[in-house]
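For reference, positions follow the sequence shown, starting with 1. Computation of the quantities below employed the complete heavy-atom set of this structure, encompassing side-chain atoms and omitting hydrogens, waters and symmetry-equivalent molecules. As the structure lists them, so they are numbered: ligands from 1, and atoms in each ligand from 1.
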Amino acid sequence: MSGTLILVRHGQSEWNLKNLFTGWRDPGLTEKGHEEAKEAGRKLKALGFKPDIAFTSALSRAQVTCDHILHELGQDGLKTIRDQALNERDYGDLSGLNKDDAREKWGEEQVHIWRRSYDTPPPGGESLKDTGARVWPYFLHDILPHVLRGETVLVAAHGNSLRSLVMALDGLSGDEIVKMEIGTGVPIIYRLNADSTVASKEILED
Ligand SMILES: O=C(O)[C@@H](CO)OP(=O)(O)O
């Protein structure tokens, strides 16, 4: 067995609440979102987790979530690396549009394909496959070596950047990933084997 990888999607953002496609836009967290992030930190603390390093995206909702978690853990100031490789999937022309308005305009099925399919990009944006093509190499090169050294690594990122990571870690197919959702502020704990395969996975839901 090697180390531990803790994945957390940011708490609820202002645009999650308003039901807008967000992607690379940069809204802040709602009150509920701040609370979800703190609660994630409290859950991790109760279980005795103590990250050695943290990674987050270039977007504030993930960075603030990361800060809240580290604060709850009593680890303010822990080395934290911010990189846009962990950003949310770029929603292209859909960014800023209301998801219900989009369903009315293009139909329920088309919008679901843009939101959840593996390889169909939204207009002008990234598919989950495109997202994985930047998340996975970054994970392999920058994050995984820490886990394989036996460290505990916190990654605070986004629904779809984390879906692409979970897809690769769990070996899910393009069909299986369609049904997979990641909740805001819900930690996912992976223990990895020395050969980087998954030894165990636990989702810290309420
Ligand atoms: O708008 C977004 O960027 C994402 C995550 O909030 O939305 P969806 O769940 O529709 O992929």
**OP:** State whether the shortest distance between N or O atoms of Y91 and N or O atoms of ligand 1 falls below 3.5 angstrom.
**Re:** yes
**OP:** Could you tell me if any non-hydrogen atom of K99 lies under 4.0 Å from any atom of ligand 1?
**Re:** yes
Subject >> Top protein contact for atom 3 (O) of ligand 1, by heavy-atom distance >> reply: G23 N, 2.8 Å
Subject >> H10 NE2 to C66 SG distance, which is reported to the nearest 0.5 Å >> reply: 13.0 Å
Original post:
Among the heavy atoms of G159, does any lie under 4.0 Å from an atom of ligand 1?
Top reply: no
**OP:** Please name the residue in the list R61, E36, H158, Q12 that meets the side-chain hydrogen bond (donor to acceptor under 3.5 Å, both in side chains) test with T184.
**Re:** E36
Original post:
Under 3.5 Å, is there a donor-acceptor pair between the side chain of N98 and the main chain of D100?
Top reply: yes
Original post:
Nearest to atom 1 (O) of ligand 1, what protein heavy atom do you find, and at what distance?
Top reply: T22 N, 2.8 Å
Subject >> Per-atom contacts of ligand 1 with N160, taking only distances under 4.0 Å to non-hydrogen atoms >> reply: 4 (C), 11 (O)
Original post:
Closest non-hydrogen protein atom to atom 5 (C) of ligand 1, residue and atom name please, with distance?
Top reply: E88 OE2, 3.2 Å
Original post:
Which bit of L20 is near ligand 1, meaning a heavy atom under 4.0 Å away: side chain, backbone, both or neither?
Top reply: backbone
Original post:
So do the side chains of R42 and E39 get within less than 4.5 Å of each other, counting heavy atoms only?
Top reply: yes
**OP:** Identify the protein heavy atom lying closest to atom 10 (O) of ligand 1, giving its residue, its atom name and the separation to 0.1 Å.
**Re:** R115 NE, 2.5 Å
Original post:
Any sub-3.5 Å donor-acceptor pair from Q75's side-chain atoms to P51's backbone N or O?
Top reply: yes
Original post:
Distance from L169 atom CG to Y190 atom OH, nearest 0.5 Å?
Top reply: 5.0 Å
**OP:** State whether the shortest distance between N or O atoms of F21 and N or O atoms of ligand 1 falls below 3.5 angstrom.
**Re:** no
Original post:
Any nitrogen or oxygen of R9, main chain or side chain, under 3.5 Å from a nitrogen or oxygen of ligand 1?
Top reply: yes
**OP:** Distance to 0.1 Å, residue and atom name: give those for the protein heavy atom nearest to atom 6 (O) of ligand 1.
**Re:** N16 ND2, 3.0 Å
**OP:** Calculate, to the nearest 0.5 Å, the distance between atoms CG and OG1 belonging to D67 and T80 respectively.
**Re:** 7.0 Å
**OP:** Determine whether the side chain, the backbone, both or neither of R116 has a heavy atom under 4.0 Å from any heavy atom of ligand 1.
**Re:** side chain
**OP:** May I ask you to check whether over 12 heavy atoms, not counting those of K38, lie within 6.0 Å of atom NZ?
**Re:** yes
Original post:
Crowded around K99 NZ? As in, over 12 foreign heavy atoms under 6.0 Å?
Top reply: yes
